[in-house]
Amino acid sequence: MNQLCLYLLNQCKTLRTVDHIHACLLKTGLFSDPFIFGKLLHHCSVTISDSLDYATRLFLHYPNPNVFMYNTLIRGFSESPRPQNSITTFIEMRRESSFSSVAPDSFTFAFLLKAAANYGSLMTGMQLHCQALLHGLDGHLFVGTTLISMYGECGRVDFSMKVFDEMLEPNVIAWNAAVTACFRGGDLESSERLFESMPFKDSTSWNLMLAGYAKAGEMEMVRKVFSEMEVKDDVSWSSMITALTQNGCFDEVFSVFMDLQRLGLRPNEVSLTGVLSACAQAGAFEFGRVVHGFVEKSGFSWIISVNNTLIDMYSKCGNVAMARLVLETMPAMKNIVSWTSMIAGLAMHGHGEEVIQLLHEMEESGIKPDRITFVPVLYACSHAGLIEQGHECFSKMKNVYNIEPAIEHYGCMVDLYGRAGDLRKAYEFICQMPVPPNDIIWRTLLGACSIHGNVELAEQVKEKLSELCLTDSGDYVLLSNVYAVAGKWNNVETVRRSMTNQRIKKTPGWSMIEVDKIMYRFVAGEKQNNITKEAYDKLREIMLKLKVEGGYVPEVVGSVLHDVEDEEKEDSVTKHSEKLAVAFGMARLCKGRVIRIVKNLRICRDCHTVMKLISKVYQSEIVVRDRSRFHSFKDGSCSCRDYW
DNA sequence: GTAGGGTTAG
């Protein structure tokens with residue numbers, strides 16, 4: 001019976017099934033067996049994600065827990081969003097120890113120090129160091145190694161090194177911890193020096209060099225380490241994929257992923273998460289779908305992070321329906337990231353009402369939204385023009401959930417009022433914020449001025465931005481748009497000249513489109529090749545048809561291009577990268593297929609009009625993901641209802 | 001029966 005229960009417990013992947021085992025244990029009386037109970041507790045606090053509350057309740061019902069049980073719970077908390085609970089449990093344990101014989105051991109300190117590292121509390125870490133000393137455990141190899149990591153995480157690499165230097169016989173794991181601590185402190189040279197002087201290196205040593213370089217953005221070194229590695233384990237592959245994803249090298253992510261499969265290796269969940277994240281960022285819908293197929297076939301549907309990234313991938317590739325399907329059918333337990341990803345997806349697509357609805361569903365499911373959740377919630381309200389609801393959510397965040405608004409939340413509120421045209425309220429809101437406004441806040445207001453054509457306020461705001469010395473090329477573009485809309489061409493010219501004088505270059509706009517699982521990238525004004533020629537030819541044909549059949553008139557004013565001469569304006573607008581990408585899609589994709597474009601900047605008004613017309617004249621659906629949100633064009637109108 | 005160093009999602 002014992003063996004059977006343990007076997008069944010090990011098969012449990014979700015809390016639901018654990019519940020059955022729990023019931024079974026109670027029935028058979030095995031629940032009070034310390035060994036069995038310990039296993040159950042371990043399963044809930046360590047093996048299955050998001051079941052710590054359950055573990056805590058189990059623990060509270062158990063009389064006289066032993067060290068193993070305390071350690072298990074402390075470990076569970078150490079990896080949770082509230083690692084402080086590990087310390088509370090330890091305090092409880094010490095209190096109990098005056099009645100029973102439960103005393104902390106090296107495991108206890110390893111987990112506690114990990115908790116301190118995870119919430120970055122140097123003070124707690126040092127106190128634990130002292131406690132370990134009192135119990136004579138500070139010289140323990142494992143405790144020492146965790147101390148090195150803890151001090152590294154808490155920003156005291158010098159302490160890490162001190163612990164390391166005093167170690168009698170550091171093994172490779174301790175060496176690795178020291179290398180990592182140096183990377184954490186941003187000291188690449190020390191990391192390299194330690195790495196070179198290691199008496200023995202294992203694959204982890206190599207893997208952490210790779211990750212360290214990746215975090216520092218040293219991609220050349222990342223590639224060098226990866227190619228020099230003699231043994232590549234699955235962490236090496238997933239670290240490489242993650243490194244490339246985090247540094248925006250999406251083409252390489254796809255090719256490394258294919259290399260991995262070509263070698264007959266099985267990708268792990270981290271690699272899958274990485275590839276899916278790359279698909280999400282690059283907008284590679286077809287490739288993402290193939291990876292999704294692999295996930296289902298290979299039994300990765302149980303992994304929360306994979307499901308969450310699938311939600312993000314489908315949303316960012318323009319398919320919210322699929323994202324929803326993943327959310328609704330995922331076999332893994334939904335966590336806060338799952339809900340927030342979906343909310344963010346809906347928000348990007350301008351589905352404000354559905355965001356509010358989903359927030360309620362989330363709350364009903366017992367998962368509390370956090371500060372990150374509220375960013376897309378408020379964003380959705382501002383972009384869908386839901387002023388009242390936005391206001392309510394903002395209050396709810398503060399009053400119900402006790403979340404202190406961060407600058408991002410304030411930014412959304414400024415956008416909420418500004419976008420709706422209440423510029424005065426937006427400005428007043430900024431003035432009464434308890435935190436000083438940053439460049440993003442002012443830029444948001446400048447954007448609102450540009451939408452609503454308020455020249456005076458725009459000038460004031462631009463002044464604020466200049467005071468902060470944080471102007472970017474986009475600000476000049478916004479300001480000149482305001483002047484252009486107001487017909488103040490002299491001012492447009494002044495802005496244009498000050499840009500040239502200060503050598504401020506406009507960020508080049510690019511757009512990507514996926515055809516047969518290959519991503520093509522278009523940049524306005526780039527030199528021609530076969531691909532761009534094909535796009536230009538098709539574009540000319542499309543524009544002609546739009547003028548004749550759609551009554552298209554180029555809209556150059558709202559999307560002013562102050563770095564070109566007047567007569568070139570129409571021509572330049574025509575060449576915007578999103579138009580090229582759409583044209584390429586029209587030329588290459590079969591009729592009836594959705595054309596999906598990803599763009600690095602915000603779509604301009606003229607392109608927006610053109611997309612609407614194409615969707616009507618050619619009866620094709622176009623989905624454009626711009627820097628901020630999605631636009632779905634169908635039958636001549638856009639999902640953003642021209643509110644963006 | 002737990003460990004220490006390396007890769008993941010909003």
Side-chain angles (χ1 to χ4, degrees), chain A residues 6 10 34-43 45-47 49 66-76 78 105-111 113-114 117 140-150 152 164 170-181 183 201-212 214-215 233-243 245-246 267-277 280 300 303-313 315-316 332 334-345 347 369-377:
Chain A
L6 288 179
N10 278 330
F35 185 81
I36 300 271
F37 179 79
K39 278 287 189 190
L40 179 64
L41 192 66
H42 184 259
H43 209 73
S45 37
V46 180
T47 316
S49 45
N66 61 24
V67 205
F68 174 75
M69 296 168 194
Y70 272 110
N71 289 348
T72 302
L73 197 64
I74 289 175
R75 178 184 175 185
S78 74
D105 58 14
S106 61
F107 290 90
T108 321
F109 282 105
F111 299 140
L113 288 164
K114 182 93 178 206
H140 192 283
L141 182 61
F142 284 22
V143 176
T145 309
T146 332
L147 279 169
I148 295 174
S149 310
M150 181 276 294
F164 179 66
N171 61 4
V172 63
I173 298 176
W175 276 90
N176 288 343
V179 172
T180 308
F183 271 126
K201 299 182 181 88
D202 65 5
S203 66
T204 299
S205 319
W206 287 91
N207 293 342
L208 57 89
M209 290 308 285
L210 195 155
K215 293 223 172 72
D233 61 15
D234 70 328
V235 177
S236 316
W237 287 95
S238 42
S239 300
M240 186 60 184
I241 288 173
T242 305
T245 302
Q246 286 170 342
N268 65 8
E269 75 254 35
V270 180
S271 295
L272 289 170
T273 308
V275 178
L276 286 170
S277 170
F300 284 99
I303 312 286
I304 289 199
S305 61
V306 172
N307 281 287
N308 294 347
T309 318
L310 278 170
I311 294 172
D312 189 44
M313 185 274 288
S315 300
K316 293 210 171 110
K334 293 187 245 308
N335 67 9
I336 189 162
V337 181
S338 328
W339 289 100
T340 307
S341 304
M342 192 62 240
I343 287 176
D370 66 4
R371 59 178 63 240
I372 304 175
T373 315
F374 276 104
V375 175
V377 167

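Hydrogens, waters and symmetry mates play no part in the numbers below; they use all other heavy atoms, side chains included. First the proteins, then the strands, lettered A, B, ... as listed; each starts at 1.
Considering only side-chain atoms of A:Phe107, the nucleotide from B:dA3, B:dT8, B:dG5 that sits closest is B:dA3. Considering only the side chain of A:Asn71, B:dT2 comes nearest among B:dG5, B:dT2, B:dA3. Among the nucleotides B:dG1, B:dG10, B:dT7, the one closest to the side chain of A:Asn66 is B:dG1. Nearest nucleotide to the A:Ser305 side chain, out of B:dG10, B:dA9, B:dT7: B:dA9. Candidate nucleotides B:dG10, B:dG5, B:dT2 were compared by shortest atom distance to the side chain of A:Asp312, and B:dG10 ranks first. In the set B:dA3, B:dT7, B:dG10, the nucleotide with an atom closest to the side chain of A:Ile336 is B:dG10. Out of B:dG10, B:dG5, B:dA9, the shortest distance to the side chain of A:Ala344 is found at B:dG10. The side chain of A:Asn308 lies closest to B:dA9 when the candidates are B:dG10, B:dA9, B:dA3. Minimum atom distance to the side chain of A:Ile372 is reached by B:dG10, of the listed B:dT7, B:dG4, B:dG10. Of the candidates B:dA9, B:dT2, B:dT7, the closest approach to any side-chain atom of A:Val235 belongs to B:dT7.
Contact annotation for A:Asn307: no contact, since no heavy-atom pair falls under 4.0 Å across all strands. Within 4.0 Å (heavy atoms only), A:Ile148 reaches no atom of the nucleic acid at all. Within the nucleic acid shown, A:Ile173 comes within 4.0 Å of at least one base atom, counting heavy atoms only. No contact: A:Ser271 has no heavy atom under 4.0 Å from any strand. A:Lys215 comes within 4.0 angstrom of the backbone, heavy atoms only, and of no base. A:Asn171 comes within 4.0 angstrom of a base, heavy atoms only. Contacts of A:Thr245 with the nucleic acid, taken as non-hydrogen atoms under 4.0 Å apart, are absent. Using a 4.0 Å heavy-atom distance criterion, A:Ser238 is classed as a base contact.
For A:Thr146 against B:dG4, a side-chain-to-base donor-acceptor contact under 3.5 Å is absent. Remark: the A:Thr242 side chain and the B:dT7 base include no donor-acceptor N/O pair separated by less than 3.5 Å. At a cut-off of 3.5 angstrom, counting only N and O atoms as typed in the model, there is a donor on one side and an acceptor on the other between the side-chain of A:Asp202 and the base of B:dG5. The base of B:dG10 is paired with the side chain of A:Thr373 by a donor and an acceptor separated by under 3.5 Å. Scanning atom types as modelled, no donor and acceptor separated by under 3.5 angstrom connect the side chain of A:Ser341 and the base of B:dG10. Contact of A:Asn335 with B:dG10 (side chain to base): no donor-acceptor pair of N or O atoms is detected under 3.5 Å.
Side-chain nitrogen and oxygen atoms of A:Gln246 include none within less than 4.0 Å of the OP1 or OP2 phosphate oxygen of B:dT7.
Shortest non-hydrogen contact noted between A:Phe109 and A:Val143 is CB-CG2, 4.1 Å.
In this structure, A:Ile74 atom CD1 and B:dA3 atom P are separated by 14 Å, rounded to whole Å.
At a threshold of 4.5 Å between non-hydrogen side-chain atoms, the residues A:Thr145 and A:Asn176 do not count as touching. The shortest side-chain heavy-atom distance between A:Trp175 and A:Ser205 does not fall under the 4.5 Å cut-off.
In this structure, A:Trp339 has no ring-ring contact (aromatic ring centres under 6.0 Å, His included) partners at least two apart in sequence or on a different chain.
Proximity of a side-chain donor or acceptor of A:Ser78 to a complementary backbone N or O of A:Arg75 within less than 3.5 Å is detected.
Each of A:Asn307, A:Asp312, A:Asn308 was scored for a side-chain hydrogen bond (donor to acceptor under 3.5 Å, both in side chains) with A:Ser338, with one residue passing: A:Asn308.
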